[in-house]
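Quick notes on the structure that follows.
Proteins get letters first, then strands, A, B, ... in listed order; numbering begins at 1 in each.
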Protein chains: 2
Amino acid sequence: MKIGELARRSGCSIQTIRYYEKLKLLPIPSRSEGNFRLYDIKIFEQLKFIKRCKDLDLTLDEIRKLLSIKSEPNQECDDVNRLIERHLERVEFKIAEFRQLRAQLISLRQACSENNKAVDCGILKQLTKDS
Amino acid sequence: MKIGELARRSGCSIQTIRYYEKLKLLPIPSRSEGNFRLYDIKIFEQLKFIKRCKDLDLTLDEIRKLLSIKSEPNQECDDVNRLIERHLERVEFKIAEFRQLRAQLISLRQACSENNKAVDCGILKQLTKDS
DNA sequence: TCTTGACTCTATAGTTACTATAGAGTTTAA
DNA sequence: TTAAACTCTATAGTAACTATAGAGTCAAGA
Ligand SMILES: [Zn+2]
Ligand SMILES: [Zn+2]
Ligand SMILES: [Zn+2]
Ligand SMILES: [Zn+2]
């Protein structure tokens, strides 16, 4: 299959696929006579793997690590478990951070409910003054 | 005050301050005889304003908008209110997204509690299979 | 057969919000 | 005087793409 079909079927854009190839997250595909990339099912599946990881917000470096472990079936998998654990911690941290942010934004929003001149805007005042 | 002191007092790095100047988020400061940037209290306060906005995760473009409104005291402030409202919505969306992510990661973690060979790793299996 | 449109190619630049570095000049304190 | 600390400009790097230009390839219809 050519790159356009791979893109459609994987949910990644064409440029992203070429980008992954450059980063060696995907193997170099064969080429047609006219120099078009030709993909087989194995590459399609690897790309789907990457996509699933991306949807979990893993970084490409983390994904590279997973791919490398996956490619050596006899390696121990505790690195995988640790990686997911650490990633989960980061996600929880972000949730906490954004909750704080939300609280601050809600209080900020309250500072100016009606329509004012800029000079009287409660929000701008709040952002200007030392907390 | 020179850039180092401004950096210490504002909590922004020196490079960041120069970067903001280039983006015109900060006015061009005067210079000493030896060509060092010299800042007055007004610029310090503008930088603090920017810093407070950044801490709320506003983008530099959003901050630029706020600064422009702030600089015209007679303009209506409803753009400010809308901007904060939209930003809050984005933050809430991110919270929801990350919560979903967390749930998925927790279920993924469960798939491999003990130590296995890579080929038997429940996490890798989960990431490999179609959901 | 010709041509049109859809597809693909490479290489390069742009995005966001910085951080890091090199290599130079300036200031301050011992 | 000299060394440390500071500042200057310009440039490149970061993450993970997206967008573009300008060229070549391929399939179908007239
Ligand atoms: Zn992670
Ligand atoms: Zn207002
Ligand atoms: Zn926003
Ligand atoms: Zn495992």
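- Bounding nucleotides for the chain B contact on DNA chain D, 5' to 3', at a heavy-atom distance below 4.0 Å, are D/dT7 to D/dT9.
- Between B/L105 and A/I84 there is a side-chain heavy-atom pair separated by less than 4.5 Å.
- Between the CD atom of A/E5 and the P atom of C/dA6 there is a distance of 18 Å, given to the nearest Å.
- For the OP1/OP2 pair of C/dC18 and a distance below 4.0 Å, the side-chain nitrogens and oxygens of B/S13 include no atom meeting the criterion.
- Heavy-atom contacts from other residues, nucleotides or ligands closer than 6.0 Å to CD1 of B/I41 number more than 12.
- If you measure from atom OH of B/Y19 to atom P of C/dT16, you get 8 Å, rounded to the nearest angstrom.
- Looking at heavy atoms from C-beta onward, A/E62 lies out of side-chain contact with A/R86 at the 4.5 angstrom threshold.
- Atom pair B/R31:CZ and C/dT27:C1' shows a separation of 16 Å (rounding to whole Å applied).
- Residue whose closest nucleotide on DNA chain C sits further toward the 5' end, between B/R18 and B/K2: B/R18.
- For C/dC18, the OP1/OP2 oxygens have a side-chain nitrogen or oxygen of B/Y20 closer than 4.0 Å.
- Counting all heavy atoms, side chain and backbone alike, B/R102 lies closest to A/L88 at CG-CD1, 3.8 Å.
- Here A/R52 does not pair with A/D55 in a salt bridge; the nearest charged N to carboxylate O distance is not below 4.0 Å.
- The distance between atom CG of B/L26 and atom C1' of C/dC18, rounded to the nearest whole Å, is 14 Å.
- Residues B/N81 and A/C112 meet the side-chain proximity criterion, which asks for heavy atoms closer than 4.5 Å.
- A cation-pi arrangement is absent between B/R31 and B/F36 under the rule of less than 6.0 angstrom and at most 45 degrees off the ring axis.
- The nearest whole Å value for the distance from the CD atom in A/Q15 to the P atom in C/dT15 is 16 Å.
- As judged by a 4.0 angstrom heavy-atom cut-off over every strand, A/L23 is placed among residues making no nucleic acid contact.
- Residues from residues 46-66 of chain B with heavy atoms under 4.0 angstrom of DNA chain D: there are none.
- A cation-pi contact, defined as under 6.0 Å to the ring centre and within 45° of the axis, links A/K70 to A/F49.
- As a whole-Å value, the separation of A/F36 CZ from C/dC7 P is 11 Å.
- Regarding A/L6, its CG atom lies at a distance of 14 Å from the C1' atom of C/dT8, rounded to whole Å.
- When each of A/N35 and A/T16 is assigned the nucleotide of DNA chain D with its nearest heavy atom, A/T16 is the one assigned upstream, toward the 5' end.
- Screening B/I50, B/I63, B/L66 for a side chain to side chain contact (heavy atoms under 4.5 Å, CB included) with A/L127, the sole residue that qualifies is B/L66.
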